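The structure under discussion appears below in the form of structure tokens.
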Number of protein chains: 2
Amino acid sequence: MKLTNKSLYSQARDAILNIIDNSTEFMAKLPSEQELSERLGVSRNTIREALKSLENEGFIAPRHGVGTFIIRDSKNIKSNIAVLDSFTKIITNHGYTPGTKSLYHDRRTVPEDLTSKLNINEDSDVLYIDRIRTADGKPVIYVEDYITYIDGMMERFNSIKTESIFEFLKSYDIKISFSSCNIYAVISNEKLQKKLSLKEPKALLHLEQVHYSTKGIPIMYSDSYFLSNKFDFNLVRKVID
Amino acid sequence: MKLTNKSLYSQARDAILNIIDNSTEFMAKLPSEQELSERLGVSRNTIREALKSLENEGFIAPRHGVGTFIIRDSKNIKSNIAVLDSFTKIITNHGYTPGTKSLYHDRRTVPEDLTSKLNINEDSDVLYIDRIRTADGKPVIYVEDYITYIDGMMERFNSIKTESIFEFLKSYDIKISFSSCNIYAVISNEKLQKKLSLKEPKALLHLEQVHYSTKGIPIMYSDSYFLSNKFDFNLVRKVID
DNA sequence: CTTGATTTGTGCGTATGTATG
DNA sequence: ACATACATACGCACAAATCAA
């Protein structure tokens, strides 16, 4: 009998994240793996899987022979750039009300430089989507998406009213699992200033991404431009020995 | 008897990374965990640890019930921003010869806004270091470091000739383990243009970091400014369920 | 449509090593 | 020297997903 659809380690992770968010003092020590194992009623291995996941996201720092310490909580993190969230969630996390100002799309032949990135033939089609996302009504992100074309996509995109491309792809049983992302700082050119209603050149954070499905197949290429002063992108960088 | 100072899983990781870098076809499939386990003579658990690490760095994508697939190799990755490398290594990886153009340092009271970040009293001192790093002789990174002051640090910093702050800290038995990093795009102001020998405003990638030791103690705050057009910063972003 | 083989995912138990205080 | 706590490693069992016969 299946009680939940979540794995044990994922449930343990949630429980530990709860401890983290409720702690107040700086560098508080978590209960030992042994104690967490007993308290949550799962094996130490399962606890360790949960801790590893939290360590990867930068919440905790284990010290060999000493204990595991909380280095930050999830409440104050507005956006972890290593986590692939929707624009809607990123804007919401920063305390703004998200919206979409303009939306254009067409079907076109894949641009030459994207054939290798999307691993498709040069005469293949893509669904091109051009969007301006807003925070409290003001333009903050400009996005251009190129999605490997599937039969009838134009028509379905017209009929389905969703702000989320990820949701749209789910209707084709495609679930985006990760993206390979290049990060650049750019100064807005005329096109970008027009799109983002800027009167003067501003610094933008440019993310160039190839999105992959759970099957590891490249599905979508995106260029997104963030008004950098509106967003806090956080990341934990680790030394690899 | 200790034959190596590397953990088994780390050795397995190296062996698998070697397979990855030597594969040619797109989305090639790795040998199964079972086979890797037998071939490398370690347990399946150890193989899984190695694979998990490679998955976290975006080299492979496992598919439940199917196999593990190579999505990129390490040869073409110039700089994974989630990995905390030295500036020297980042510049070298991009194919340039690294150097340091200017170097200034002093001892000063900690700036007020850094007391909480470094978790020190407001009357504590820091070692301030101001550097311009070059690639093939051209300025490409401007860095300002603030290190929690330890007795005699000024004198020792004068006498030790190293380009690496990390190496300098090791002489105090402090090993940097990770940093918490905020990422911004900025347009160079007059000060930055002077430091980086720029004739006109350019887009810079600004990393604001707090560096922690292996003990999880904040040691150093850094502001670094990268000439964005000279560097490729890559990152794998994952959907969290 | 069912079955079986293969492969990754999850979970437990145990033992030993290493760092810290 | 000792206890505590995390790190590494092995073996085993079963679940779940996929695919081909």
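Please read all numbers here as calculations on a predicted model, not as lab measurements. Order of the sequence lines fixes the chain letters, A, B, ..., with proteins taken first and strands second; residue numbering starts at 1 for each chain.
- When Watson-Crick and G-U wobble pairs are counted only if both distances are under 3.5 Å, C:dA15 pairs with D:dT8.
- Atom-to-atom, CG of B:Leu54 to C1' of C:dT8 comes out at 16 Å; the value is rounded to the nearest Å.
- One atom, CG of A:Leu51, and another, P of C:dT10, lie 16 Å apart when rounded to the nearest Å.
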Please write out each protein N/O paired with an N/O of nucleotides 6-9 of chain D under 3.5 Å, distance rounded to 0.1 Å.
residue, atom, partner, partner atom, Å
D:dC6, OP2, A:Glu33, N, 2.9
D:dC6, O4', A:Gly65, N, 3.3
D:dC6, O2, A:His64, NE2, 2.9
D:dA7, OP2, A:Arg48, NH1, 3.1
D:dA7, O4', A:His64, NE2, 3.1
D:dA7, N7, A:Arg44, NH2, 3.2
D:dA9, OP1, B:Leu8, N, 2.3
D:dA9, OP2, B:Leu8, N, 3.4
D:dA9, OP2, B:Tyr9, N, 3.0

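- Counting only N and O atoms by type, the side chains of A:Asp223 and A:His206 include a donor and acceptor under 3.5 Å apart.
- Taking atom CG of B:Leu36 as the reference point, atom C1' of C:dT6 lies 15 Å away to the nearest angstrom.
- The closest side-chain donor-acceptor pair between A:His105 and A:Asp145, if any, does not fall under 3.5 angstrom.
- The side-chain contact (heavy atoms from CB on, under 4.5 Å) check on B:Arg156 picks up B:Ser159, B:Ile160, B:Phe168, B:Ser171, B:Tyr172, with sequence neighbours excluded.
- Residues A:Pro98 and A:Phe87 fail the side-chain proximity criterion, which asks for heavy atoms closer than 4.5 Å.
- With a 6.0 Å cutoff to the six-membered ring centre and a 45° limit on the axis angle, B:Arg108 counts as a cation-pi contact of B:Tyr128.
- To the nearest angstrom, C1' of C:dT8 lies 11 Å from CD1 of B:Ile60.
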Would you mind writing out the side-chain donor-acceptor pairs for residues 26-43 of chain B within the sub-3.5 Å range, not counting sequence neighbours?
residue, atom, partner, partner atom, Å
B:Ser32, OG, B:Glu35, N, 3.2
B:Glu33, OE1, B:Arg44, NE, 2.8
B:Glu33, OE1, B:Arg44, NH2, 3.0
B:Glu33, OE1, B:Arg48, NH1, 3.3
B:Glu33, OE2, B:Arg48, NH1, 2.9
B:Glu35, OE2, B:Arg39, NH2, 2.8
B:Ser37, OG, B:Val42, O, 2.6
B:Ser43, OG, B:Asn45, N, 3.4
B:Ser43, OG, B:Thr46, N, 3.2
B:Ser43, OG, B:Thr46, OG1, 3.1

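- Distance, B:Glu35 CD to C:dT7 P: 8 Å, rounded to whole Å.
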